[in-house]
Amino acid sequence: MGIEDIVNQGKGLFEQNKDKIDELLHSEQAEDISDKVLDGAADLAKKVAPDQFDGPVDDIRGNIDKAVGTE
């Protein structure tokens with residue numbers, strides 16, 4: 001089985017389960033997990049990057065948060 005076959009199988013599984021995947025991505029559990037991950041990533045970015053980037057980091061974190069979970 002080649003890479004192309006694996007990719008095609010992955011695409012097929014996604015298409016078959018995209019409703020379930022969407023439901024999971026917009027669940028309360030996904031919200032809790034994504035908040036923890038996004039908070040940690042944003043805090044790390046703020047520690048590493050100059051202070052002038054705190055605003056954009058928060059904006060990016062907020063945009064990603066809107067796409068995952070319930071809030």
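- With contacts defined as side-chain heavy-atom distances shorter than 4.5 Å, the pair Q9/D5 does not qualify.
- Put simply, the residue from I64, V57, D58 that forms a side-chain contact (heavy atoms from CB on, under 4.5 Å) with I60 is I64.
- Atom CD of Q52 has more than 12 neighbouring heavy atoms from other residues, nucleotides or ligands inside a 6.0 Å radius.
- Residues Q16 and I21 are not in side-chain contact: their nearest non-hydrogen atoms beyond the backbone lie 4.5 Å or more apart.
- Remark: D59 CG to D54 CG distance equals 11.0 Å, nearest 0.5 Å.
- Atom CD1 of I3 is surrounded by 12 or fewer heavy atoms from other residues, nucleotides or ligands within 6.0 Å.
- Note that CG of L38 and CG of D43 are 10.5 Å apart. Values are rounded to the nearest 0.5 Å.
- With sequence neighbours excluded, the residues forming a side-chain hydrogen bond (donor to acceptor under 3.5 Å, both in side chains) with E15 are K18, listed by chain and number.
- Using a distance-only test at 3.5 Å, with no hydrogens or angles considered, no donor-acceptor pair links the side chain of D65 to the main chain of R61.
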